**Q** 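Shown below is the structure under consideration.
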Amino acid sequence: MAHRIALSRRKLLSGAAALSTAAILPRTSFADWRPTETVKLIVPAAPGGSTDVMGRLLAAHLQTAWGQSAVVENRSGGGGTIGTAEVARNTKGDGYTILIGNPGPNAIAYSIFRNLAYKPDQLQAVSNMIRIPNIVSAHPSTGIKSIPELIAYLKANPDKLNYGSSGVGQSPHLTGAWFLQLTGLKMTHIPFRGAGPALQAALAGDIQILFDNLFPSLPQIQDGKLTGLCVTTPERSANAQELPTMRESAPELAKFDVSSWFGVFLPKACPPEIVNALNLQVKALLEREDIRKNIAAMGARGDYGTPQQFGDFVQAETTKFAAIIQKEGLQMDVQ
């Protein structure tokens with residue numbers, strides 16, 4: 001009996017030691033996983049935009065790093081939800097289908113669309129790649145040169161200004177909506193079908209205030225065709241250091257933080273070794289000097305994070321936008 005007890009105790013101690021050793025060993029298996037056939041990167045947007053650019057940069061990097069073909073497939077439509085749903089429905093868990101995500105389909109969509117075809121738990125975060133500020137500008141004819149001046153004008157002249165964006169429920173629209181919610185002010189929203197038409201309307205003076213992504217507005221501000229008021233991230237943009245942040249502009253805007261971000265997701269079925277292997281490749285991509293230069297030229301900054309960090313960030317973004325959308329009373333159907 002004593003022999004059996006000793007043997008059992010020896011097994012327990014041996015097992016505990018093995019577990020302890022496993023916990024401190026480097027997790028090299030995560031870095032060692034690699035595909036054995038073509039990898040597909042789904043970009044839920046048309047070619048040419050920031051989502052597409054980041055998808056193609058990552059695809060080229062993965063092809064070299066993994067020695068397998070990595071192809072980008074553009075699946076635009078439904079505000080990015082069509083391509084995102086395709087990845088969310090993937091149950092193979094083999095790591096051969098990767099999603100390049102952004103705030104539209106991966107944070108805003110969950111609150112704004114009544115008929116969304118997927119849920120947050122069908123995807124898992126891998127890492128963010130970049131963040132780009134949104135920017136607020138005014139037509140020079142308004143004489144408004146700062147956010148405090150805009151606030152003062154709106155208080156003295158309620159409902160006399162309008163603002164434009166790239167469309168209802170897009171990040172620039174919700175940037176404007178949140179600004180008005182926090183300040184308790186009013187402007188009429190004029191939505192356009194994309195950033196290009198909104199910018200043209202601002203340049204023509206058809207709208208007085210424009211909420212936009214950093215590009216294409218910044219060159220127009222630098223040429224004096226529009227007046228830059230602020231950027232919407234907590235830190236100033238390296239491309240426009242002279243522009244203050246929204247946070248700097250008024251006490252009620254002290255927590256303001258909106259950016260366009262572009263990150264990597266996998267279907268929920270993918271195991272941790274695949275998630276972590278891809279995460280390490282995103283990190284390697286963002287550490288490359290040539291990629292750093294490309295990112296800076298886009299007006300962006302690298303924003304690598306662990307899967308946990310990116311997952312927490314996406315959840316916080318989803319919660320933030322949900323509150324803005326609920327207060328605005330916005331509900332739409334995926335078209």
Side-chain angles (χ1 to χ4, degrees), residues 50 103 108 131-192 194-261 299-301 320-321 324 328:
S50 297
I108 296 170
R131 295 183 69 181
I132 305 176
N134 286 345
I135 192 167
V136 187
S137 60
H139 191 270
S141 65
T142 64
I144 295 169
K145 297 181 179 179
S146 68
I147 292 296
E149 288 183 15
L150 175 60
I151 291 172
Y153 185 93
L154 291 172
K155 285 180 177 178
N157 304 276
D159 295 321
K160 286 198 174 181
L161 294 183
N162 57 39
Y163 75 97
S165 78
S166 53
V168 174
Q170 300 295 313
S171 170
H173 169 213
L174 297 180
T175 301
W178 198 23
F179 164 74
L180 294 172
Q181 289 175 7
L182 291 173
T183 57
L185 300 170
K186 292 182 179 181
M187 281 192 288
T188 301
H189 177 226
I190 310 295
F192 292 85
L199 178 61
Q200 291 305 313
L203 292 170
D206 296 334
I207 56 173
Q208 291 85 50
I209 306 296
L210 177 64
F211 288 81
D212 193 12
N213 300 133
L214 189 67
F215 290 98
S217 281
L218 185 57
Q220 309 302 325
I221 291 169
Q222 292 171 334
D223 288 344
K225 297 176 182 177
L226 293 173
T227 303
L229 305 184
C230 74
V231 294
T232 61
T233 42
E235 63 287 326
R236 295 192 181 199
S237 169
N239 298 67
Q241 284 286 352
E242 71 282 2
L243 285 181
T245 66
M246 186 77 88
R247 287 185 172 194
E248 296 175 59
S249 304
E252 58 266 44
L253 302 171
K255 295 183 179 181
F256 208 95
D257 181 6
V258 179
S259 62
S260 294
W261 46 264
R301 65 177 180 87
K320 175 180 71 183
F321 285 121
I324 299 169
E328 286 295 292

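Not measured: the values here are computed from a predicted model.
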**Q** Apply side chain to side chain contact (heavy atoms under 4.5 Å, CB included) to the pair Asn162 and Gln208, showing each step before the final yes or no.
**A** CA-CA 6 Å; Asn162 57 39; Gln208 291 85 50; 3.1 Å; yes

**Q** Between the side chain of Ser237 and the main-chain N/O of Asn239, is any donor-acceptor distance below 3.5 Å?
**A** yes

**Q** Who passes side chain to side chain contact (heavy atoms under 4.5 Å, CB included) against Asp212, sequence neighbours left out?
**A** Ile135, Ala195, Leu210, Pro216, Ser217

**Q** Are Leu199 and Leu226 packed together at the side-chain level, in the sense that at least one heavy-atom pair is separated by less than 4.5 angstrom?
**A** yes

**Q** Please lay out, stage by stage, how Leu229 and Ile144 fare under the test side chain to side chain contact (heavy atoms under 4.5 Å, CB included).
**A** CA-CA 8 Å; Leu229 305 184; Ile144 295 169; 4.2 Å; yes

**Q** Using modelled atom types and a 3.5 Å cut-off, is there a donor and acceptor pairing between side-chain atoms of Thr232 and backbone atoms of Asn134?
**A** yes

**Q** Considering all heavy atoms of both residues, which atom of Trp261 and which atom of Pro103 are nearest to each other, and what is their separation?
**A** O-CD, 3.1 Å

**Q** Of all the heavy-atom pairs spanning Phe256 and Thr175, show the shortest one and how long it is.
**A** CZ-O, 3.5 Å

**Q** Taking only residues two or more places apart in sequence, or in another chain, which ones meet Glu328 in a salt bridge (Lys or Arg N to Asp or Glu O under 4.0 Å)?
**A** none

**Q** With sequence neighbours excluded, what pairs up with Glu235 under the salt bridge (Lys or Arg N to Asp or Glu O under 4.0 Å) test?
**A** Arg301

**Q** What salt bridge (charged side-chain N to carboxylate O under 4.0 Å, His left out) pairs are there with at least one residue in residues 247-261, not counting sequence neighbours?
**A** Arg131-Asp257, Arg236-Glu248

**Q** For the residue pair Ser137 and Ile221, what are the closest heavy atoms and their distance?
**A** CB-CD1, 3.9 Å

**Q** Identify the heavy atoms of Lys155 and Pro158 that sit nearest to each other, and give their distance.
**A** O-CD, 3.9 Å

**Q** Side-chain donor-acceptor contacts of residues 183-191 below 3.5 Å, not counting sequence neighbours, with atom names and distances?
**A**
{"unit_1": "Thr183", "atom_1": "OG1", "unit_2": "Phe179", "atom_2": "O", "d": "2.8"}
{"unit_1": "Thr183", "atom_1": "OG1", "unit_2": "Leu180", "atom_2": "O", "d": "3.4"}
{"unit_1": "His189", "atom_1": "ND1", "unit_2": "His173", "atom_2": "NE2", "d": "3.4"}
{"unit_1": "His189", "atom_1": "NE2", "unit_2": "Ser165", "atom_2": "OG", "d": "2.7"}

**Q** Does anything in residues 218-234 form a salt bridge (charged side-chain N to carboxylate O under 4.0 Å, His left out)? List the pairs, not counting sequence neighbours.
**A** none

